[in-house]
Amino acid sequence: MIDKERCSMYNQITITPTELIVSPAGLDRLWALKGAIRVPWRHVTGIFRDQGAFEERKGLRLPGTAIPGLYYAGSFFYDGQRRFYNVRRNSPIVVITLINEGYDRLILSVENPATVIERVTGHLLNEV
């Protein structure tokens, strides 16, 4: 079964039996310089809501787009971690933590964070 959380303005989160797929929507795909990010479930360690993630220091952008204080999209490297951002100011944000992947964290604007967190957490709990 495939479970999708569609958001026309932000990111699409797709849950499959084997992986979590994050797809920037619309022009965000262009600004993030990234198509879908596919992560096997064994590499997903958690998810939580964090509005403060927008304000945290981003570090070196490689590659991506930054409009300071408004929008960040793409890969950023800071304090030994590689992170993927696709976030807008004043939008709900979730952070997905990963291990053994190209990114340590995915920081994403989503339309309905409670639903995304519930679905991802539900899948993680069922995998144990």
Any Val95 side-chain heavy atom under 4.5 Å of Leu106 side chain:
no
Sidechain-backbone polar pair: Gln51 side chain, Ile93 backbone, donor-acceptor under 3.5 Å
yes
Do Lys58 and Tyr78 meet the cation-pi criteria used here (NZ or CZ under 6.0 Å from the six-membered ring centre, within 45° of the axis)?
no
Side chain to side chain contact (heavy atoms under 4.5 Å, CB included) partners for Glu19, two or more places apart
Thr16, Ile21, Arg38
When you measure from the side chain of Asn11 to the backbone of Val22, do you find a donor-acceptor pair of N or O atoms at a distance under 3.5 Å?
no
Quick one: which residue pairs count as a salt bridge (charged side-chain N to carboxylate O under 4.0 Å, His left out) with a foot in residues 90-101, not counting sequence neighbours?
none
Looking only at non-hydrogen atoms, find the nearest pair between Arg105 and Tyr85 and report the distance.
NH2-OH, 4.5 Å
Does the side chain of Ser75 come under 3.5 Å of the side chain of Tyr103 through a donor N or O and an acceptor N or O?
yes
Does the ring-ring contact (aromatic ring centres under 6.0 Å, His included) test come out yes or no for Phe54 and Tyr72, once each step is laid out?
CA-CA 8 Å; Phe54 185 84; Tyr72 298 93; 5.4 Å; yes
Any side-chain heavy-atom pair of Ile37 and Val39 under 4.5 Å
yes
So, do Ile96 and Val44 sit near enough that their side-chain heavy atoms are less than 4.5 Å apart?
yes
Gap between atom CH2 of Trp41 and atom CG of Leu124 - 0.5 Å precision:
5.5 Å
Might you confirm whether atom CD of Glu118 has over 12 heavy atoms from other residues, nucleotides or ligands at distances under 6.0 Å?
no
How many angstroms lie between atom CG of Leu20 and atom OG1 of Thr14, to the nearest 0.5 angstrom?
8.0 Å
Residues which pass salt bridge (charged side-chain N to carboxylate O under 4.0 Å, His left out) with Arg83, listed by chain and number, not counting sequence neighbours:
Glu56
Asn86 and Tyr71: side-chain donor and acceptor closer than 3.5 Å?
yes
